[in-house]
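Below is one structure; the comments refer to it alone.
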Number of protein chains: 2
Amino acid sequence: MTSRPQILAAARRLIDQSGWEKLTVRGLAAELGVGPTTLYHHVRDKGDLLFLLIHEYAEQIPHPDLPGEPRDRIIAAATAIHDALCEWPWAAEVLATPGFITRLGDSALWLIETIVAGAIDHGCTPPQAVYVFRSIWYYTVGEILVRVHTADRWADAERPADGETFFGGLDASRLPRLAALGDRWATLAWQDTYPEGLRAFVDGLLAQSTSAPGRTADR
Amino acid sequence: MTSRPQILAAARRLIDQSGWEKLTVRGLAAELGVGPTTLYHHVRDKGDLLFLLIHEYAEQIPHPDLPGEPRDRIIAAATAIHDALCEWPWAAEVLATPGFITRLGDSALWLIETIVAGAIDHGCTPPQAVYVFRSIWYYTVGEILVRVHTADRWADAERPADGETFFGGLDASRLPRLAALGDRWATLAWQDTYPEGLRAFVDGLLAQSTSAPGRTADR
DNA sequence: ACCTGAACACCGTTCAAGT
DNA sequence: ACCTGAACACCGTTCAAGT
């Protein structure tokens, strides 16, 4: 009676309701009205369940319109990946596993293809293009994961109290710049600077790959 | 009889032996020869224990020699952070919490100070310098976390079998670049490109901050 | 103060037994 | 085939009771 699509749909429902940390095999079974052990006839284990969930989600990521410039195509594809992860940030935690990405479906791989193709069109060798993609991927995944953990802290009561200064009480003689920033740090660290950072990174990577072919051509 | 330093030392021992995933309150108590509940008289909870551990570790990170150029000082400090995290990668998972960094001790904050000061010396405004640090931090933390998860997979038997092609069986008409790369992807994705990526990113960030002051000055 | 065992409220997963 | 309850081997944490 219980089917894999049913299980996946129920899992999505539960995750959207109360976050992926709360998704448990037992809770999922209860949502479906079956015993916990029933699920193991349709899914290998919890890891497999998460993989199937991400696979499914990845296939429905919208394809962005691609600009003409290779550099801008890279940015558009990276932004699409980032946007998708923003909505399902827990997926980043699973996707951080290397090789995991490569097992996604065509629709998700198309975004990677776009970045790699953009780098090559800009003048990179294929190995350099892989390096460009990986670097962007690290930056993207890092930004998302810090974002996820922010949400964690918000749930806790541990976040700094209203008047608490971040760098207010620092030794200004040893750490002058941080002390001068004081609690402005908190405000600045809150801003979404992913798009600007991405542009800076892509420009830096493309300049590096094409300006010094001798140094990086063999990687 | 049980003291906090004893607990921390035992915890480090266990982590170095069998990884931080294996560190459990019960196991730590057993290592110390006391009941599990005893620890709660010396440490608030497990999260507090991890914080104390990282705080302690962060204080002993060696300070790198600083080059003259601001740009090179940023790279030296970021590399020191990266190297420290490489040896204790699980710390990255905890440090990914925003605001967590700011609660570290002076010795660890000095590395952040160095990056922020380097950016300012290069011509950034203080807010831009914070943005530069954060961007580098995302990249660094992302690289480390992917590294951590690699180790996870190695433990599992799920890593691709010997002859398994990464992108070998892809639809070459829809994903030509990836299909052309084939299993070379695996080899390329394995390489340590953090240093090159860092240089590209720093150069991109510094160029952006100083060339278009009007666009980013108010952030 | 410092430590304890027992207990609470959970996990993922296995396995022999049912229909 | 499909599903089940009971059980296994764990977690972090609380709390009343001991010395």
Side-chain angles (χ1 to χ4, degrees), chain A residues 1-15 17-55 90-91 93-94 97 100 148-149 151-158, chain B residues 1-15 17-55 90-91 93-94 96-97 100 148-149 151-153 155-158:
Chain A
M1 283 310 221
T2 315
S3 71
R4 183 179 274 197
Q6 263 174 40
I7 295 175
L8 293 180
R12 285 188 79 144
R13 222 180 306 136
L14 288 178
I15 288 176
Q17 262 174 36
S18 19
W20 89 287
E21 307 87 346
K22 302 287 182 185
L23 182 70
T24 122
V25 174
R26 294 168 123 101
L28 179 54
E31 171 82 7
L32 289 160
V34 299
T37 56
T38 302
L39 301 186
Y40 288 85
H41 287 98
H42 303 91
V43 150
R44 186 154 39 83
D45 55 16
K46 198 184 176 181
D48 188 38
L49 178 74
L50 294 176
F51 172 74
L52 293 170
L53 234 28
I54 291 172
H55 192 96
W90 64 271
E93 221 138 344
V94 183
T97 306
F100 202 121
V148 176
H149 290 236
D152 288 358
R153 284 293 143 177
W154 266 54
D156 291 17
E158 292 202 39
Chain B
M1 282 308 223
T2 314
S3 70
R4 182 178 275 197
Q6 264 174 39
I7 295 175
L8 293 180
R12 284 189 79 144
R13 221 180 307 137
L14 288 179
I15 287 175
Q17 263 174 35
S18 19
W20 90 286
E21 307 86 346
K22 301 288 181 184
L23 182 71
T24 125
V25 174
R26 295 167 123 101
L28 180 54
E31 170 82 7
L32 289 161
V34 299
T37 55
T38 303
L39 300 185
Y40 288 85
H41 287 98
H42 302 90
V43 150
R44 186 153 40 82
D45 56 16
K46 198 184 177 183
D48 189 37
L49 177 74
L50 294 176
F51 172 75
L52 293 171
L53 233 30
I54 291 172
H55 191 96
W90 65 269
E93 222 138 343
V94 184
T97 308
F100 201 121
V148 177
H149 290 235
D152 288 358
R153 283 292 143 178
D156 290 17
E158 293 202 39

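Excluded from the calculations below are hydrogen atoms, water molecules and symmetry mates; all remaining heavy atoms, backbone and side chain alike, are included. A note on names: the letters A, B, ... follow the listed sequences, proteins ahead of strands, and every chain is numbered from 1.
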Below 3.5 Å, can you tabulate the donor-acceptor pairs from side chains in residues 7-15 of chain B to any protein atom, sequence neighbours excluded?
| from | atom 1 | to | atom 2 | distance (Å) |
| --- | --- | --- | --- | --- |
| B/R13 | NH1 | B/E31 | OE2 | 2.6 |

(message) To the closest 0.5 Å, what do you measure between CG (A/D48) and CZ (A/R4)?
(response) 6.0 Å
(request) Write down the atom of A/P36, the atom of A/A29, and the distance for their closest heavy-atom approach. (result) CA-CB, 3.5 Å
(request) Determine the interatomic distance between C1' on C/dC2 and the same-named atom on D/dA16; round to the nearest Å. (result) 15 Å
(request) Please list, chain by chain and in numerical order, all residues satisfying ring pair (Phe, Tyr, Trp, His ring centres under 6.0 Å) with A/W20, sequence neighbours excluded. (result) A/W90
(message) Just to verify, which of B/L28, B/V25, B/L49 counts as forming a side-chain contact (heavy atoms from CB on, under 4.5 Å) with B/V43?
(response) B/L49
(request) Determine the stems involving DNA chain C; a stem requires 3 or more consecutive pairs of the Watson-Crick or G-U wobble kind, each with both distances below 3.5 Å, and the answer is none if no such run exists. (result) C:4-8 with D:12-16, C:12-16 with D:4-8
(request) Answer yes or no: is there a donor N or O on one side and an acceptor on the other, between the side chain of B/K22 and the main chain of B/Q17, under 3.5 Å? (result) no
(request) Take the protein atom CZ of B/R4 and the nucleotide atom C1' of C/dA1, then report the distance between them rounded to whole Å. (result) 16 Å
(message) Run the ring pair (Phe, Tyr, Trp, His ring centres under 6.0 Å) test against B/H55 and tell me which residues pass, sequence neighbours left out.
(response) B/F51
(request) May I ask you to verify if any side-chain N or O of B/H42 is less than 4.0 angstrom from the OP1 or OP2 atom of C/dC3? (result) yes
(request) Could you state the atom-to-atom distance from CG of B/L39 to P of C/dC2 in whole Å? (result) 14 Å
(request) Check B/H41 against B/T37 and note the closest heavy-atom contact, atom names and distance. (result) ND1-O, 3.8 Å
(request) Go along nucleotides 8-19 of chain D 5' to 3' and tag each nucleotide: B for a protein heavy atom under 4.0 Å from its base, S when only backbone or sugar atoms are that close, - otherwise. (result) ---BBBBB----
